[in-house]
Amino acid sequence: MLVIDGVSKRFDKHLAVDNLSVSIPKGQFVGVIGRSGAGKSTLLRMINRLADPSAGEIRWDGRVVSRLQGAALRDWHRRCAMIFQQFNLVGRLDVLTNVLMGRLAHTTSARAMLKMWKLEDRSIAMAALDQLDIAPLAPRRADHLSGGQQQRVAICRALVQEPEIILADEPVASLDPRNAKVVMDALQRINRHFGLTVLVNLHSLDLARGYCDRVLGMAAGRLVFDGAPAALTTDVTHELYGMEAHEVMDHAEMPNVAGAVVATA
Amino acid sequence: MSALRETLLAQKPGMAARYPDVFRPNLRARLNVVLVLGGAVALYVYALVTLDFDPHRILGGVLRLTDIAEMMLPPTPDGWARAELYGVALGQTLAIALLGTSLAAILAVPLGFLAARNIVANRVLHFLTRRALDSVRSIDTLIWALIWINVVGLGPFAGALAIMSSDIAAFAKLMSEAIETADRKPVEGVQASGGSRLERIRFGIVPQILPIFASQILYFFESNTRSATIIGIVGAGGIGLYLSEEIRVLEWQRAAFLIVMVLVTVAIIDQVSQRLRAAMMGAPRG
């Protein structure tokens, strides 16, 4: 169980996350929605400890992870994998080496520095690539791949960490709809098959409805919605997105609007 | 064992057979690394031996160095009249560095664009520019100083020309590289909006390379203040002339004073240019 207990994050005068508390049971697929700047990314980065909370506590299985240091912190990074909007791969390295980055916590530094990966690590990396249907890309340079392929490589890197929870920060925001579906399906499969907790920041309400067991809505750093995707009514959406609400709503109403414009033109 | 680990390890036996390239140890690559490293070490040892490298001589020299350092204390110009003379010479050195650097920077702008592959499509022109720049660059500032002294006579004018000649090529090369690595997307944006070739360069490329180029000019000015001191020694004017003179007549205290003057000046330039660079790289207005 992931427990976020009264967590705040302050950047100078700006309060990015404001006294947020929520508990997430193991194995849940949770979507975090809200407009840009609502504090979604900051929340995820604090859970992974790429950023430190200004106040409050984050616990995993009863253990406080928000104050870990050194080797214990690196172990937490290993158990709490992160997937980024811009993939954050090392573009100049091949796909296999990028995936093997996820094995660093399982490898001695001497071996890692000399790139003398163990046979087991290599086969784990290849198996992960195989799971996501991109094993033949292993020798290719990461920056020569398409966005969708790169994000799948990033998921492989997360998988081989053998994590307990996967955080994904807008993983499909830079992808076309077809690749977005491939990536979201992969995250769902990981959640269902391996029972990993998945916490994913999303921009699209449709994706949140389609994939998540539970949706958290954030606005101005505070939690303003916590419930099943079905409970996301028009009112809630308006509270979350304000003026932008129409942009993230279901597209069902759109043809009428478009039709009206065409008719007057 | 977790379900994830089980799945990832399940195919381990067949993996090596399915993707032999991934699992075959890359002996050739490793051998190459060993060979290159071994070759480098051998070359070092050979160079040290042939160049008469001798630890005893370093030790003896260090002792002599402390003697000289002692003779340098305390640094003094021996009177106001000479201090004034030194001050004027230092000003000359700074003028040489500033003139030489700025002339080189201005002249390098067109050359930099000519040498950039993404600006000049003409292969021959590109090749000729590059080779010409290489030849100019292979001649050191000191040699240029000797050449210009013979052309325009002794003095700071020759010094400024020497610095300009040796830096044009370096500037042009750095600039052409900055242009080549510039992001193409803004250029396409300007092009798609109907920008001409010149406008694409002006609005798509120049804003990207300007801070890089400006910061390089500042760095070169700094380093040229030191170079201007050196070329003064061969007669191209400035403080170097006095420095070599005082060392020749073994006036170590005066030499030390001159060195301190150069040191302080370079430190000040370093501070100022650091601020300027930070200001240029910093947040855009508005």
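Being a predicted model, the structure only gives us computed values, none of them experimental. Atoms considered below: every heavy atom in the structure, side chains included; atoms not considered: hydrogens, waters and symmetry mates.
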Does CG in Leu198(B) sit with more than 12 non-hydrogen atoms of other residues, nucleotides or ligands closer than 6.0 Å? no
With a 4.5 angstrom heavy-atom cut-off, is it the side chain or the backbone of Ala128(A) that approaches chain B, or both, or neither? both
What do you reckon, is CZ of Arg74(A) surrounded by more than 12 foreign heavy atoms closer than 6.0 Å? no
Proximity breakdown for Leu96(A) and chain B, heavy-atom pairs closer than 4.5 Å: side chain
Testing Leu4(B), Thr7(B), Leu9(B) one by one against Ile124(A) for a side-chain contact (heavy atoms from CB on, under 4.5 Å), which residue passes? Leu9(B)
Could you name the residues of residues 113-121 of chain A that have a heavy atom within less than 4.5 Å of a heavy atom in chain B? Leu114(A), Lys115(A), Met116(A), Leu119(A), Glu120(A)
Checking Asp52(A) now: which residues fulfil salt bridge (Lys or Arg N to Asp or Glu O under 4.0 Å) with it, not counting sequence neighbours? Arg49(A)
So which bits of residues 142-174 of chain A come within less than 4.5 Å of chain B, counting non-hydrogen atoms only? Leu159(A), Val160(A), Glu162(A), Pro163(A)
The criterion is side chain to side chain contact (heavy atoms under 4.5 Å, CB included); which residues satisfy it with Ser135(B), sequence neighbours excluded? none
Spatial distance of atom CZ (Phe194(A)) from atom CD (Glu6(B)) [nearest 0.5 Å]: 10.0 Å
Go through the atoms of Asp130(A) and report whether side chain, backbone, both or neither lie under 4.5 Å from a heavy atom of chain B. side chain
Inspect the surroundings of CZ in Arg184(B) and state if more than 12 heavy atoms from other residues, nucleotides or ligands are less than 6.0 Å away. no
Heavy-atom pairs under 4.5 Å with chain B are the metric here; pick the option from Ser123(A), Gly195(A), Ala127(A) that has the most. Ser123(A)
